[in-house]
Amino acid sequence: MIAKIEKGLLWFIETICLALLIALALSVVYATTMRYLGASPSWYDEIASVLLAWLTYFGATYALFLRQHMSFGGIVTALPKRAAVALAIFSEFLVIAFLAVVAWYGNAVLAVAKWDSLLSIRWMSLDIVQSVIPITAVLMIIGTFLTMPRALRNAAAGIDVDHAEIEQAIADAERDNAGATSKDESK
């Protein structure tokens, strides 16, 4: 059940990231074309900045769900099993506490931002623009809780996921290289 929820949220975040990336690319291409034709749109700079900020926040959320964010897995795996699990639990709750603070104060900013708007698009208030902060912070908290069992299992087993991925990539490259060498020798 948890895996299905995680997979569904990951798909949702991927979709948002893709939509934001396409919107950003289209707005850049449109603005560049219009600038070349001498009719530069006034809204481009603000919209591109907002889209890039939203893409950054949702991209960070996506990375958190995949556990591809910066970590110190080597330190955890170097410790004895009980200490590794304790440190992993402490770090998970430290991340959750930080994200809770970001969500809380990100939400508090919305009350102030609703009275202001973008300069070139007056109907878009800044609370809409800034809403990405508490939204993604809450999604990151959910993602941390959903992926925490896997992280704790890895800590208990002494598995550093980053190191394991590097070893797998090296093994794949060596296998591919051996296959290419054997093909060259057979010619």
Side-chain angles (χ1 to χ4, degrees), residues 1-29 46-79 83-110 113 126-173:
M1 180 65 175
I2 290 176
K4 284 185 179 185
I5 294 170
E6 182 182 343
K7 189 175 180 180
L9 280 172
L10 193 59
W11 176 84
F12 174 71
I13 294 166
E14 278 179 353
T15 304
I16 290 174
C17 286
L18 184 60
L20 289 168
L21 185 62
I22 290 169
L24 180 59
L26 290 175
S27 70
V28 168
V29 168
E46 283 185 308
I47 291 300
S49 297
V50 168
L51 288 171
L52 183 59
W54 275 61
L55 182 59
T56 301
Y57 276 94
F58 276 101
T61 304
Y62 184 74
L64 185 134
F65 267 79
L66 295 178
R67 291 285 174 157
Q68 294 294 316
H69 52 80
M70 190 172 172
S71 66
F72 301 99
I75 294 173
V76 173
T77 57
L79 294 172
V85 172
L87 181 60
I89 290 171
F90 175 72
S91 67
E92 293 294 317
F93 283 107
L94 197 61
V95 167
I96 290 168
F98 171 76
L99 292 171
V101 169
V102 170
W104 181 269
Y105 284 104
N107 189 52
V109 165
L110 298 183
L126 286 182
D127 62 336
I128 295 170
V129 172
Q130 299 296 326
S131 66
V132 71
I133 297 169
I135 290 169
T136 55
V138 169
L139 284 171
M140 286 183 189
I141 291 170
I142 293 168
T144 302
F145 276 119
L146 289 173
T147 59
M148 189 185 308
R150 184 172 54 238
L152 295 178
R153 279 193 305 273
N154 288 341
I159 298 171
D160 179 5
V161 177
D162 294 334
H163 189 71
E165 287 178 1
I166 292 169
E167 287 179 353
Q168 181 64 42
I170 290 170
D172 291 345

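None of these values were measured; they are calculated from a predicted model.
- To the nearest 0.5 Å, atoms OG1 (Thr56) and CG (Leu51) are separated by 10.5 Å.
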If you look only at distance, which donor and acceptor atoms sit under 3.5 Å apart when one is on a side chain in residues 11-25 and the other is two or more places apart or in another chain?
{"from": "Glu14", "atom 1": "OE2", "to": "Tyr62", "atom 2": "OH", "distance (Å)": "2.8"}
{"from": "Thr15", "atom 1": "OG1", "to": "Trp11", "atom 2": "O", "distance (Å)": "2.8"}

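- For Gln130, the side chain to side chain donor-acceptor pair (under 3.5 Å) test picks out no residue, with sequence neighbours left out.
- For the side chain to side chain contact (heavy atoms under 4.5 Å, CB included) test, residues two or more places apart in sequence or in another chain that qualify with Val102 are Phe98, Ile133, Ala137.
- The environment of Ile2 atom CD1 is sparse: at most 12 non-hydrogen atoms of other residues, nucleotides or ligands sit within 6.0 angstrom.
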Side-chain donor-acceptor distances from residues 138-147 under 3.5 Å, at least two apart:
{"from": "Thr144", "atom 1": "OG1", "to": "Met140", "atom 2": "O", "distance (Å)": "2.8"}
{"from": "Thr147", "atom 1": "OG1", "to": "Arg67", "atom 2": "NE", "distance (Å)": "2.8"}
{"from": "Thr147", "atom 1": "OG1", "to": "Arg67", "atom 2": "NH2", "distance (Å)": "2.9"}
{"from": "Thr147", "atom 1": "OG1", "to": "Gly143", "atom 2": "O", "distance (Å)": "2.7"}

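- The side-chain contact (heavy atoms from CB on, under 4.5 Å) test with Ser131 singles out one residue from Thr136, Leu110, Leu126, Val109, and that residue is Leu110.
- Residues Ile96 and Met148 meet the side-chain proximity criterion, which asks for heavy atoms closer than 4.5 Å.
- No more than 12 heavy atoms of other residues, nucleotides or ligands lie within 6.0 Å of OH in Tyr57, so this atom counts as exposed by the packing criterion.
- A search for side chain to side chain donor-acceptor pair (under 3.5 Å) contacts involving Asp127 returns Ser125, not counting sequence neighbours.
- Atoms CG and CD, on Leu94 and Glu92 in that order, are 10.0 Å from each other to the nearest 0.5 Å.
- For Arg153, there are no salt bridge (charged side-chain N to carboxylate O under 4.0 Å, His left out) partners at least two apart in sequence or on another chain.
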